[in-house]
Amino acid sequence: MYSEADRNRIEVIKKHIGEFPDFPKKGILFKDIFTALASGEVCRATKELFLSYIKSSCPEIDAVVGLDARGFLFSFLIASELSIGCVGIRKKGKLPGETYSVEYQLEYGIDVFQLQKAALKPGQKVLVVDDLIATGGTLEAATKLIEMAGAEVVQCLAIMELTPLKGRDKLKKYNVHSFIQYNDI
């Protein structure tokens, strides 16, 4: 599925991802993309991996939606490289104007996501990007917001996935992809 260059990029990213036990609460082993992004080599590998994958698997997207907050980094990067729109989904109270809202369950609590009503147009084909798929709550909420706006979710894409948390189960009707899967958490 991946080219040799993409497999090498994944390994570069994987070896730099930090792990923090008991964050944000006891019993959670937090996988930290920011630790990895402190390396210029990882930044370049991440950009090239995203673009290589997107160009081959979903080249017809009109917009990239990034999830608060790490997904913002990737969505802007991808959008600027592809010359398409970049839209942010944020936590409640962070966006001005009229918004759609969805409550969602995190692996460690409940939160609310919002999308500005004017951010997406009906019929737009959207790629949703985040750093991590855990329980699937944030991605599920994002897909609901995108569909409220009348846009179409083409794919959900993340750097990492915690497979034992079965986040994909909430996203069965979508094409979901992650580059790194962790089977032990």
Side-chain angles (χ1 to χ4, degrees), residues 6 9-10 13 16-17 31-40 42-97 99-102 104 106 111-161 167-168 170-171 174-180:
D6 284 345
R9 291 173 181 127
I10 290 168
I13 297 164
H16 285 87
I17 290 174
K31 305 285 187 183
D32 182 36
I33 194 67
F34 282 134
T35 304
L37 294 176
S39 161
V42 171
C43 289
R44 178 177 296 280
T46 302
K47 176 183 114 172
E48 291 171 354
L49 179 62
F50 270 129
L51 293 174
S52 172
Y53 178 80
I54 292 163
K55 286 176 181 177
S56 68
S57 69
C58 52
E60 301 300 320
I61 55 174
D62 302 311
V64 182
V65 171
L67 307 189
D68 198 338
R70 293 170 193 87
F72 295 161
L73 299 170
F74 308 123
S75 63
F76 179 77
L77 171 86
I78 294 163
S80 66
E81 288 288 328
L82 299 177
S83 298
I84 59 175
C86 176
V87 175
I89 289 182
R90 303 224 41 206
K91 292 186 179 172
K92 185 176 182 178
K94 302 290 184 181
L95 291 171
T99 60
Y100 299 108
S101 296
V102 171
Y104 64 100
L106 294 164
D111 215 333
V112 175
F113 259 172
Q114 294 184 315
L115 170 68
Q116 288 172 312
K117 287 189 175 182
L120 294 171
K121 294 172 182 45
Q124 277 189 296
K125 292 179 173 29
V126 176
L127 169 69
V128 185
V129 181
D130 204 4
D131 68 321
L132 175 71
I133 301 169
T135 64
T138 55
L139 280 172
E140 180 184 37
T143 60
K144 288 178 181 177
L145 289 168
I146 292 163
E147 289 170 352
M148 285 178 187
E152 175 190 345
V153 176
V154 172
Q155 187 164 107
C156 299
L157 182 59
I159 298 284
M160 303 173 283
E161 180 176 359
R168 284 178 185 259
K170 293 181 181 169
L171 304 163
Y174 304 102
N175 186 3
V176 178
H177 186 78
S178 61
F179 297 111
I180 300 168

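- If you run side-chain contact (heavy atoms from CB on, under 4.5 Å) between Leu145 and each of Leu120, Thr99, Leu115, only Leu115 comes through.
- Atoms CG and CZ, from Leu49 and Phe179 in turn, are 4.0 Å apart once rounded to the nearest 0.5 Å.
- Side-chain atoms of Val64 and Ile84, non-hydrogen and from C-beta on, do get closer than 4.5 Å to each other.
- Using cut-offs of 30° and 60° on the angle between ring planes, the pair Phe74 and Phe50 is tilted.
- Qualifying side-chain hydrogen bond (donor to acceptor under 3.5 Å, both in side chains) partners for Ser57, counting only residues two or more places apart in sequence or in other chains: none.
- When the salt bridge (charged side-chain N to carboxylate O under 4.0 Å, His left out) test is applied to Lys92, no partner is found at least two apart in sequence or on another chain.
- Ring geometry for His177 versus Tyr53: interplanar angle under 30°, hence parallel rather than tilted (30 to 60°).
- With a 6.0 Å radius and a threshold of 12 heavy atoms from other residues, nucleotides or ligands, Phe76 has its CZ atom at or below the threshold.
- With respect to Lys125 and Glu60, no salt bridge is recorded, no charged nitrogen being found less than 4.0 Å from a carboxylate O.
- The CE atom of Met148 lies 8.0 Å from the OG atom of Ser101; values are rounded to the nearest 0.5 Å.
- Put simply, the side chain of Glu140 never gets that close to the backbone of Leu171: no donor and acceptor are under 3.5 Å apart.
- The backbone N or O of Phe72 lies less than 3.5 Å from a partner atom in the side chain of Ser75, making a donor-acceptor pair.
- At least one side-chain heavy atom of Leu82 sits less than 4.5 Å from a side-chain heavy atom of Lys55.
- Salt bridge Asp68/Lys91: absent, no basic N to carboxylate O contact under 4.0 Å.
- Between the CZ atom of Arg90 and the CG atom of Leu67 there is a distance of 12.0 Å, given to the nearest 0.5 Å.
- Of the candidates Leu37, Ile159, Asp131, Leu132, Arg70 forms a side-chain contact (heavy atoms from CB on, under 4.5 Å) with just one, namely Asp131.
- Residues Leu51 and Leu77 have side chains not in contact (no heavy-atom distance under 4.5 Å, counting atoms from C-beta outward).
- The shortest distance between side-chain heavy atoms of Phe34 and Leu73 falls below 4.5 Å.
- Applying the side chain to side chain contact (heavy atoms under 4.5 Å, CB included) criterion to Lys31, with sequence neighbours excluded, gives Ile17, Glu19, Leu29, Met160, Leu162, Tyr182.
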